[in-house]
Amino acid sequence: MLRKLLILGICAGTSASIPIVYQSNPQIVESWLRSSVAAKPEAAQPEPQANLASVPDKPAAPMPLGRQVLVNADARGHFTSSFKLNGRQVDGMIDTGATLVAINISTARRIGISLNPSDFNRQVNTANGAIKAAVATIDHLQIGKISVDNVQAMVLDDRALQTNLIGMSFLQRLQKYQVQDGALLLVQ
């Protein structure tokens, strides 16, 4: 009886972990399924060839998928796209290493955030060292059909930040974000 319960427990635990394994690494499960189906000989399907030389220099428009957006990696492997910040089109790079959305002063002005020199009272550590920054709130941040209101941001000097960074203050408000097949999937 104990042996049957043990075997039943192992089977239940294994079957319950399959969706978790698939969600964290779908390639493993798909290759396992392909190998189990490979016993049936079929005509070999040629693999599609990827031409890396055709990757555009400009950020690709996100592919909307309902309340999901797929952002393809650029030639450097970065996830860059066009966003709308307070209704204005702004190019940015999604950065999971950035605690907050980080924009430069020029972008802040374009989207209607006005700051005084005295607002730059926070010290932040960047890859280039410590710098003064101002805390601001972006009323509306949108990519494709995904939109989030009242997103906390840091505003830095234009010389310190050439590329706007879409950080965790936006990403953590999504249902999920994950890299799959060379693209970043955002789900709200």
Side-chain angles (χ1 to χ4, degrees), residues 23-24 50 52-188:
Q23 191 174 32
S24 65
L52 296 178
S54 66
V55 175
D57 292 334
K58 183 180 167 184
M63 294 172 38
L65 306 167
R67 302 282 288 178
Q68 302 178 13
V69 173
L70 199 61
V71 179
N72 292 316
D74 65 11
R76 300 173 299 162
H78 297 155
F79 299 108
T80 58
S81 185
S82 292
F83 295 84
K84 284 191 177 179
L85 278 62
N86 293 346
R88 302 272 187 179
Q89 193 84 13
V90 174
D91 289 334
M93 179 173 68
I94 298 173
D95 184 359
T96 58
T99 305
L100 302 175
V101 170
I103 59 176
N104 56 33
I105 294 172
S106 297
T107 300
R109 285 186 191 127
R110 277 188 52 220
I111 66 171
I113 297 174
S114 60
L115 298 166
N116 296 317
S118 63
D119 294 327
F120 290 83
N121 56 12
R122 302 286 174 97
Q123 185 160 330
V124 294
N125 294 317
T126 69
N128 297 324
I131 188 169
K132 292 288 187 181
V135 176
T137 299
I138 298 171
D139 296 328
H140 189 76
L141 193 154
Q142 180 179 349
I143 178 170
K145 292 188 177 184
I146 294 176
S147 64
V148 176
D149 293 333
N150 301 318
V151 178
Q152 191 175 24
M154 295 297 277
V155 180
L156 289 84
D157 187 81
D158 287 354
R159 291 170 294 191
L161 185 67
Q162 283 101 30
T163 303
N164 297 303
L165 302 176
I166 307 302
M168 293 303 295
S169 59
F170 169 74
L171 293 173
Q172 71 186 7
R173 307 229 345 244
L174 301 179
Q175 181 180 344
K176 83 174 179 179
Y177 56 94
Q178 72 181 37
V179 177
Q180 64 180 35
D181 301 325
L184 179 64
L185 175 66
L186 306 173
V187 180
Q188 187 177 35

Pairwise distance [atom1]([X]) to [atom2]([Y]) - rounded to 0.5 angstrom:
X	Y	atom1	atom2	answer
S81	D74	OG	CG	11.0 Å
T80	L184	OG1	CG	11.0 Å
L85	R110	CG	CZ	9.0 Å
I166	I138	CD1	CD1	6.5 Å
T137	I113	OG1	CD1	7.5 Å

Minimal non-hydrogen separation, [X] against [Y], with atom names:
X	Y	result
V101	F170	CG2-CB, 4.0 Å
S147	Q188	O-NE2, 2.6 Å
N72	A183	OD1-CB, 3.5 Å
T96	L171	CG2-CD1, 3.8 Å
A134	F120	N-CD2, 3.6 Å

Exercise. Not counting sequence neighbours, list each pair that qualifies as a salt bridge (charged side-chain N to carboxylate O under 4.0 Å, His left out) and has a residue in residues 148-163.
Key: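 Residue pairs passing salt bridge (charged side-chain N to carboxylate O under 4.0 Å, His left out), neighbours aside: D157-R159.
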Which residues pass the side chain to side chain contact (heavy atoms under 4.5 Å, CB included) test with [X], not counting sequence neighbours?
X	value
Q89	S82, K84
V187	Q68, Q175, K176, L185
T163	M93
R173	V148, V151

Exercise. With sequence neighbours excluded, tell me which residues meet side-chain hydrogen bond (donor to acceptor under 3.5 Å, both in side chains) with T107.
Key: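 side-chain hydrogen bond (donor to acceptor under 3.5 Å, both in side chains) list for T107, sorted by chain: N104, N164.
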Exercise. Go through the steps to decide whether F83 and I94 satisfy the test side chain to side chain contact (heavy atoms under 4.5 Å, CB included), and finish with yes or no.
Key: CA-CA 10 Å; F83 295 84; I94 298 173; 3.7 Å; yes
Exercise. Mind running side chain to side chain contact (heavy atoms under 4.5 Å, CB included) on K132 and Q123 for me, showing each step along the way?
Key: CA-CA 5 Å; K132 292 288 187 181; Q123 185 160 330; 4.2 Å; yes
Quiz item: What's the verdict on side chain to side chain contact (heavy atoms under 4.5 Å, CB included) for M154 and V135, showing C-alpha distance, side-chain angles and the deciding distance?
Solution: CA-CA 5 Å; M154 295 297 277; V135 176; 3.6 Å; yes
Practice problem: For side chain to side chain contact (heavy atoms under 4.5 Å, CB included), just list the numbers for D119 and V155, CA-CA rounded to whole Å, side-chain angles, deciding distance to a tenth of an Å, and then say yes or no. | Solution: CA-CA 10 Å; D119 294 327; V155 180; over 6 Å; no
Quiz prompt | Result of checking L156, L161, N125 against I131 for side chain to side chain contact (heavy atoms under 4.5 Å, CB included) | solution =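 Running side chain to side chain contact (heavy atoms under 4.5 Å, CB included) over L156, L161, N125 with I131 returns exactly one hit, L156.
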